[in-house]
Amino acid sequence: SPATAQPQQAPPLHTDHQERNTSTVGMTKGMSPKDVLGLIKDKHIRAVDIRFCDLFGQWEHFTLPSTMVNEGSFTDGHGFDGSSIRGWKSIDESDMLVVPDPDTAVIDPFFAEPTVVMIANVVDPITKEDYARDPRGVARRAEQYLQSTGIGDTMYVGPEPEFFIFDSVHFDNNPWSSYYSIDSDEGPWATGAEGPNHGHRPKLKGGYLPVPPVDQLQDLRGEMMHTMENVGIEMERQHHEVAGAGQAEIDMKYDSLVNMGDKLQWFKYIVRQCAVRAGKTATFMPKPIFGDNGSGMHCHFSICKGKTNLF
């Protein structure tokens, strides 16, 4: 009867991996090196992508054939040239190691070749100590310090990242000219565009929460959010933000400091990749459009001792 009928489930989104019968596997806490190697074997993974964060927040990576990854990878690590990373090592001390964290193993939702991604800690190849300029290492030491003080056990962070989705951007800066140009069909300036024009666009500072057709990016933001869920990120909501021309916000549920840092890197990667696949471009720069709202990232912080929130 209608009173007892169950709501119909929305059809699942399909990724390239799912079409090849290789389901996306999200981050699972408690994964051991043996678990990761079992995942590589069971899912017929052919490549392993190692990622780390540079001093400026850029995600860096290199890819290994899966045959090069073994239990020693999680203790001895893999080498790379630290002198080619901005602000890190000089050429005479360029050898560095990244040691992957098995807890972060995820099957990449975009690569054509089935690939496991792991986030790594950067360490000194001689001492095996954490590298002082590795942002993930800084966050790990902050968590350790908090616990050592006895003040609390866990620091939770809940960011609210904002960003713009544009149709295209053009810019140049040279000795004889300088310019930038942003194209967005959702921009209020597009109301006078030639050709068929539906006319439904947010005004300057009028983009907060309108339904489609004013909000033209509902489906794309939804794809971003569900892709994040597929890699193991618990999501809360997505919506259009205040600015016109495609400003968006997608919110994740809070998590501990290091875990949220990892998730935020996945967040930015997924937003940019989904936008490019849709023929658009996404940017987290703070103020791309004069006279309209810029993008920020409100962060909610709390420290817990046991199950008690201290503030």
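Just so you know, these numbers use all the heavy atoms, side chains as well, and skip hydrogens, waters and symmetry mates.
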Closest heavy-atom pair and its distance - [X], [Y]:
{"X": "P188", "Y": "L204", "result": "CG-CD2, 4.0 Å"}
{"X": "P210", "Y": "D215", "result": "O-CB, 3.1 Å"}
{"X": "S178", "Y": "N173", "result": "OG-OD1, 3.5 Å"}
{"X": "C53", "Y": "P135", "result": "O-CD, 3.3 Å"}
{"X": "N197", "Y": "A190", "result": "ND2-O, 2.9 Å"}
{"X": "P202", "Y": "A245", "result": "CG-N, 4.5 Å"}

*Please check if the distance between the ring centroids of F284 and F164 is under 6.0 Å.*
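No, ring centres 6.0 Å or more apart.
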
Is the side chain of [X] donor-acceptor paired with the backbone N or O of [Y] at a distance under 3.5 Å, no angle test?
{"X": "E223", "Y": "C274", "answer": "no"}
{"X": "N70", "Y": "S73", "answer": "yes"}
{"X": "R133", "Y": "G87", "answer": "yes"}
{"X": "S66", "Y": "I45", "answer": "yes"}
{"X": "Q265", "Y": "G57", "answer": "yes"}
{"X": "N230", "Y": "T227", "answer": "no"}

Enumerate, atom names and distances included, each donor-acceptor pair closer than 3.5 Å involving a side-chain atom of residues 232-240, sequence neighbours excluded.
| from | atom 1 | to | atom 2 | distance (Å) |
| --- | --- | --- | --- | --- |
| Q238 | OE1 | R221 | NE | 2.6 |
| Q238 | OE1 | R221 | NH2 | 3.2 |
| H240 | ND1 | G207 | O | 2.8 |
| H240 | ND1 | Q247 | O | 3.2 |
| H240 | NE2 | E186 | OE1 | 2.6 |
| H240 | NE2 | E186 | OE2 | 3.4 |

Indicate whether the side chain of [X] and that of [Y] have a donor and an acceptor atom separated by less than 3.5 Å.
{"X": "S177", "Y": "N174", "answer": "yes"}
{"X": "D49", "Y": "T115", "answer": "no"}
{"X": "T104", "Y": "D101", "answer": "no"}
{"X": "Y254", "Y": "N259", "answer": "no"}

*Output, in order, the C-alpha distance, side-chain angles, deciding distance and verdict of side chain to side chain contact (heavy atoms under 4.5 Å, CB included) for Y208 and E249.*
CA-CA 10 Å; Y208 190 62; E249 180 177 313; over 6 Å; no

Counting only heavy atoms not in [X], do more than 12 sit closer than 6.0 Å to its [atom1] atom?
{"X": "K287", "atom1": "NZ", "answer": "yes"}
{"X": "F171", "atom1": "CZ", "answer": "no"}
{"X": "K205", "atom1": "NZ", "answer": "yes"}
{"X": "H198", "atom1": "NE2", "answer": "yes"}
{"X": "Y156", "atom1": "OH", "answer": "no"}

What distance separates [X] [atom1] from [Y] [atom2], expressed to the nearest 0.5 Å?
{"X": "M228", "Y": "D251", "atom1": "CE", "atom2": "CG", "value": "10.0 Å"}
{"X": "E241", "Y": "L217", "atom1": "CD", "atom2": "CG", "value": "13.0 Å"}
{"X": "M224", "Y": "R277", "atom1": "CE", "atom2": "CZ", "value": "10.0 Å"}

*Check step by step if side chain to side chain contact (heavy atoms under 4.5 Å, CB included) holds for L97 and H78.*
CA-CA 5 Å; L97 292 175; H78 294 274; 5.9 Å; no

Contact between [X] and [Y] at the side-chain level, heavy atoms closer than 4.5 Å - yes or no?
{"X": "F166", "Y": "P288", "answer": "yes"}
{"X": "V169", "Y": "Y180", "answer": "no"}
{"X": "I289", "Y": "I182", "answer": "yes"}
{"X": "D124", "Y": "M96", "answer": "no"}
{"X": "T63", "Y": "V48", "answer": "no"}
{"X": "T281", "Y": "I165", "answer": "no"}
{"X": "Y131", "Y": "V123", "answer": "no"}
{"X": "K268", "Y": "F163", "answer": "no"}

Co-membership, hydrophobic cluster, residues [X] and [Y], 4.5 Å side-chain:
{"X": "V99", "Y": "I40", "answer": "no"}
{"X": "V138", "Y": "F56", "answer": "no"}
{"X": "I107", "Y": "L64", "answer": "yes"}
{"X": "L55", "Y": "F80", "answer": "yes"}
{"X": "V116", "Y": "M68", "answer": "yes"}

Under 3.5 Å, which donor-acceptor pairs do the side chains of residues 299-308 form with other protein atoms, sequence neighbours left out?
| from | atom 1 | to | atom 2 | distance (Å) |
| --- | --- | --- | --- | --- |
| H300 | NE2 | E160 | OE2 | 2.6 |
| K305 | NZ | G150 | O | 2.9 |

*Distance under 6.0 Å and angle within 45° of ring axis: R201 vs W189*: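 Geometry flag: not set, cation outside 6.0 Å or 45°.
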
*Y269 ring centre to R51 NZ or CZ under 6.0 Å, with the angle to the axis within 45°?*
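Judged by the rule (NZ or CZ under 6.0 Å from the ring centre, within 45° of its axis), R51 counts as positioned above Y269.
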
*asked:* Tell me which pairs pass salt bridge (Lys or Arg N to Asp or Glu O under 4.0 Å) where either residue lies in residues 164-177, with sequence neighbours left out.
replied: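 Passing the test, one end in residues 164-177: D167-K280.
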
*asked:* Suppose the criterion is salt bridge (Lys or Arg N to Asp or Glu O under 4.0 Å): which pairs have a residue in residues 288-303, not counting sequence neighbours?
replied: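 For residues 288-303, and leaving out neighbouring residues, there are no salt bridge (Lys or Arg N to Asp or Glu O under 4.0 Å) pairs at all.
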
*salt_bridge(K253, D255) N-O dist < 4.0 Å*: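 Looking at D255 together with K253, the answer is no, because their closest N to O distance does not fall below 4.0 Å.
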
_SB check D134 R141 (cutoff 4.0 Å)_ =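 No, no charged N to carboxylate O under 4.0 Å.
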
*Kindly write out the residues that satisfy salt bridge (Lys or Arg N to Asp or Glu O under 4.0 Å) with R140, not counting sequence neighbours, or none if the list is empty.*
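Residues passing salt bridge (Lys or Arg N to Asp or Glu O under 4.0 Å) with R140: D130.
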
_Working note: L264 + M297, criterion side chain to side chain contact (heavy atoms under 4.5 Å, CB included); need CA distance, chi angles, decisive distance, verdict._
CA-CA 11 Å; L264 189 58; M297 188 175 72; 3.8 Å; yes

*Would you mind telling me which of W266, F267, F52 makes a ring-ring contact (aromatic ring centres under 6.0 Å, His included) with W59?*
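Of the listed residues W266, F267, F52, the ring-ring contact (aromatic ring centres under 6.0 Å, His included) partner of W59 is W266.
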
*asked:* Filter on side chain to side chain donor-acceptor pair (under 3.5 Å), then keep only pairs touching residues 83-93, sequence neighbours left out; what's left?
replied: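 As it turns out, the side chain to side chain donor-acceptor pair (under 3.5 Å) pairs with a partner in residues 83-93, which skip direct neighbours, are D54-R86, D81-S83, D81-S84, S90-D92, S90-E93.
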
*asked:* Show, in sequence, the C-alpha distance, side-chain angles and deciding distance for V258 and E143, and conclude whether the side chain to side chain contact (heavy atoms under 4.5 Å, CB included) test is met.
replied: CA-CA 8 Å; V258 172; E143 288 187 329; 3.2 Å; yes

